[in-house]
Amino acid sequence: GADFRQVRNFFQLDAFAFPFQPGRLRHGGGIAAVDDGAGRNFPDDGFAVFAMLFGGYADIDPELLESFTATGIVHILSVSGSHITLLAGSIIAIGQLIRLKKWAVFFILTSIIIIYSIFSGFVPPVIRSAAMGILSYAALTFNRESQSRYLLAVVAVVMLIVSPGLIFNISFQLSFAATAGLLYAA
């Protein structure tokens with residue numbers, strides 16, 4: 001069998017540092033580089049991958065961000081309902097594959113979505129999609145018909161009760177408007 005060091009070196013796994021590992025990331029002049037621990041720096045494309053998974057633009061090279069904007073795909077750097085849907089679908093599929101009870105899958109799904117939401121910054125679109133995902137699967141788990149339009153309204157009202165200033169947040173407005181458009185056009 002292959003030695004882990006050989007596999008790590010072959011795939012250059014040292015080049016991919018989890019952002020919360022102290023000492024692994026260096027920031028300089030607004031452009032970040034990943035230090036592999038041996039004093040070598042790698043390009044910051046890893047930050048773009050991280051942004052695609054968890055959202056945010058802060059550490060992405062401005063030239064790369066401009067390229068995303070110019071090609072019209074900058075939205076993939078924002079967490080949306082598709083991220084939560086893929087995450088939830090994967091958890092549900094694995095739960096069914098290993099024959100977990102629905103309530104166990106619901107507990108795991110809820111926990112992972114909440115953790116993912118925290119890592120994603122708990123911004124309004126993330127809260128909306130997380131709440132919608134959890135409530136929709138709760139309805140399926142407990143044999144209640146899920147009505148997405150109703151759930152969207154409930155999530156919006158609860159978010160506005162907790163933080164009324166969100167009504168003026170463009171991210172909140174666009175997230176709910178886009179979701180409502182999809183729900184009412186479908």
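Sequence positions, counted from 1, serve as the residue numbers for this chain.
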Are Ile84 and Tyr116 close enough that some pair of their side-chain heavy atoms sits under 4.5 Å apart?
yes

Atom pair CD1/CG of Ile92 and Leu97 - distance to nearest 0.5 Å
13.5 Å

Do side-chain atoms of Ser163 reach the backbone of Met159 as a donor and acceptor pair under 3.5 angstrom?
no

Do Ile114 and Ile134 come within less than 4.5 Å of each other through their side chains, counting heavy atoms only?
yes

Spatial distance of atom CZ (Phe176) from atom CG (Leu183) [nearest 0.5 Å]
11.0 Å

Starting at CH2 of Trp103, measure out to CG of Leu109 and round the result to the nearest 0.5 Å.
14.0 Å

Measure across Ser175 and Pro125 and return the closest heavy-atom pair with its distance rounded to 0.1 Å.
OG-CA, 3.5 Å

Side chains of Thr110 and Tyr137, heavy atoms from C-beta outward: is any pair under 4.5 Å?
no

Mind checking whether Leu100 and Ile108 have side chains closer than 4.5 Å, heavy atoms only?
yes

Hey, quick one: are Val155 and Ile167 part of the same hydrophobic cluster, counting side-chain heavy atoms closer than 4.5 Å, chains of contacts allowed?
yes

Linked, directly or transitively: Phe106 and Ile98 (ILVMFWY side chains, under 4.5 Å)
yes

What distance separates Leu152 CG from Ser129 OG, expressed to the nearest 0.5 Å?
11.0 Å

Cluster link Leu87 to Ile118, ILVMFWY, side chain under 4.5 Å:
yes

Using 0.5 Å steps for rounding, measure from the CE atom of Met132 to the CD1 atom of Ile113.
12.0 Å

Measure across Ser67 and Thr71 and return the closest heavy-atom pair with its distance rounded to 0.1 Å.
O-OG1, 2.9 Å

Rounded at 0.5 Å granularity, tell me how far CZ in Arg128 sits from CG in Leu166.
13.0 Å

Is it true that Ile161 and Tyr150 fall in one hydrophobic cluster, defined by side-chain heavy atoms closer than 4.5 Å?
no

Hey, quick one: are Val157 and Val154 part of the same hydrophobic cluster, counting side-chain heavy atoms closer than 4.5 Å, chains of contacts allowed?
no

Work out which heavy atom in Leu151 is nearest to a heavy atom in Ser136; give both atom names and the distance.
CD1-OG, 3.5 Å

Cationic tip of Arg149 within the cone over Tyr184's six-membered ring, i.e. under 6.0 Å and within 45° of the normal?
yes

For the CZ atom on Phe168, are there more than 12 heavy atoms of other groups (residues, nucleotides or ligands in this structure) within a distance under 6.0 Å?
no

